[in-house]
Structures are given as structure tokens and as C-alpha cells.
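Since the structure comes first, as C-alpha cells, the remarks are kept for the end.
Below, chain A is the first sequence line, B the second, and so on; all start at residue 1. Every heavy atom of this structure was used, including side-chain atoms; hydrogens, water molecules and symmetry mates were not.
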Amino acid sequence: MPPDDGTAHVDEEARAGRRARRVVLGAGIGLWGAAAALGLAQGAVVPLLLSFSCAGGLSVSGAV
Amino acid sequence: MLRPPVRGAPILGRVPGLVAFTAGVSVGGLVTLTAAHVGGGLVSWVPSGVREGFAVAALLLAAAHAAGLVRLRLPQRHGMIPIERFDRRPSSGQWLFGLELGSGLRTYLPAPAPHVVASLVLLHVVPASALPVLAVGWGLGRALPLVARLGDGGRGGWGGRTELSARAAVVGTWATVVSGALILAVG
């Protein structure tokens, strides 16, 4: 068995960090999708078009 | 051609970065929209017919601007988001960049379309229940060029093969005006 030089502990921390980021990312995507689904279920298709076309035009024009 | 200041990992071509950016834009937009809605509460005593009249005026002004009939001096911040946002880890840098970009308060707004959306929210023409879906649409729209560049991460930057056209801002403004008119018409 190779001697423990501390890297195992660092790897474990990195894995935990990645796991936490995945959980946060998943929760964020879930909430974001829920907001979209809720809005669309209420018939808010036109508001979606309103902000999408507004932001899309700005982005494609290169406004950052 | 404007290029955002990118250090380290490229902002484009990676799904986690795209998600972080889109989420940041949506949240930033939602904060501004919510503030506009709350601020609009101060004039909620104004009859709805008068508020809708102001909304129509905003749409007409935006349409005139898009048609080149008038040149509006739009309220906006004349500056770019600082380069230091990307000194952090890639995902948090993209999240922060998205948050600031999405707020609409931290950078250039060369077209009146965002002002139209803000006006409709401020005048309570758009109900509070539609604010989350507005924020989602805002995030998706802002991420459009990044989606087009997925898988092209090695190139980095916003330029490259993507031709960024000033005409897009005009088309976007017209689409925003039509959508706003539909909201007013449907009530």
C-alpha cells in the first residue's frame, strides 16, 4: 500500500466540491425549468416571446 | 466586434458554463423585473386605461426608434462589465457575468427593447405571475449566441465564425414591440 502523502484527502475534497456544485446546478436547472413550465402552463407564452426576442436581438447584435 | 474579457477557460462551448451564464442572466433579470414591478406599485392608483396608454406610447416610441424615425437617448450604463469577474473559477465567473448582464443595469443597451419590457412591467401591464417566465425568456435569449457556439470551446471569445449583426437589435426590437402589443391586446 503506498504511503499517504495527503493527496487522497485533497481528492476527497475535490470530489465533494464537484458533488456540491452538481447539486446546486441541478437544483438551479430544476427551479428554472419549473418557473418556465409554471409560466407556460398559465398561458404566458407571449411574455416568454417578449423577453426572448428582446434579449435575443441584443445578444445576436453583440451587445455585451 | 465586442469581445468579453475572458481569462482561463473559455466562456463558450461548455454546457456547465452555458447553464451558469443562463441562470445568472435569468436571476439578474428577475431581480430587476421584480424591482420594476414593486416600483410600479407606487403608481398602481393610476387607472389601468391610463397605464395602458403609457404602454402604447412606449411601444410606439420603440417602433419609431427601430424604424429610424427618432433617435432616443436611452438610459443605460456606458461601460462594460469589469474583467475581474473572470478571475474567479470559470463557472462562478460566468454566473457573475450573467447576473450583471442579466440585470440590464451594468452594461450597454443599444436597443430600446429592454426599456419596453421594463415599461410594461413597471406599468403593471404584465402581471407579477409572468415575471419568472419573462426572466427565463430573457436568459434564453441572452444565451442564444452561446448555444450557437456549443462544442466550439477551443476557440473562445464571442467572435470567430459568428457574424454579429447590428440589424439583429432592430429585428429584436420589432419582435418585442409586436409581443408587447399582443400582451396589450389580449389584456
[X] and [Y]: same hydrophobic cluster, using ILVMFWY side-chain contacts below 4.5 Å?
{"X": "B:Val70", "Y": "B:Val170", "value": "no"}
{"X": "B:Leu122", "Y": "B:Leu74", "value": "no"}
{"X": "A:Leu49", "Y": "A:Leu58", "value": "no"}
{"X": "A:Val46", "Y": "B:Leu184", "value": "yes"}
{"X": "B:Val126", "Y": "B:Val43", "value": "yes"}

Next on the checklist: So if I take each residue of residues 172-181 of chain B and look for any heavy atom under 4.5 Å from a heavy atom in chain A, which residues do I end up with?
Outcome noted: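 Residues in range: B:Gly172, B:Ala175, B:Thr176, B:Ser179, B:Gly180.
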
Next on the checklist: The test is side chain to side chain contact (heavy atoms under 4.5 Å, CB included); show your working for B:Leu144 and A:Phe52 and say whether it passes.
Outcome noted: CA-CA 9 Å; B:Leu144 209 54; A:Phe52 178 77; 3.9 Å; yes

Working to the nearest 0.5 Å, report the span between [atom1] of [X] and [atom2] of [Y].
{"X": "A:Ser51", "Y": "B:Leu140", "atom1": "OG", "atom2": "CG", "value": "8.0 Å"}
{"X": "B:Trp138", "Y": "A:Leu50", "atom1": "CH2", "atom2": "CG", "value": "10.5 Å"}
{"X": "B:His115", "Y": "A:Cys54", "atom1": "NE2", "atom2": "SG", "value": "9.5 Å"}

Item to check | More than 12 heavy atoms of other groups within 6.0 Å of B:Arg71 CZ | outcome: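 Not buried by this count: 12 neighbours or fewer within 6.0 Å.
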
Item to check | side chain to side chain contact (heavy atoms under 4.5 Å, CB included) partner of A:Pro47, the single match among B:Val121, B:Val133, B:Leu120 | outcome: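 The passing option is B:Val133.
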
Checklist entry - Does any heavy atom of chain A fall under 4.5 Å from the side chain of B:Leu30, the backbone, both, or neither of them? => result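 Contact with chain A: none, neither part.
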
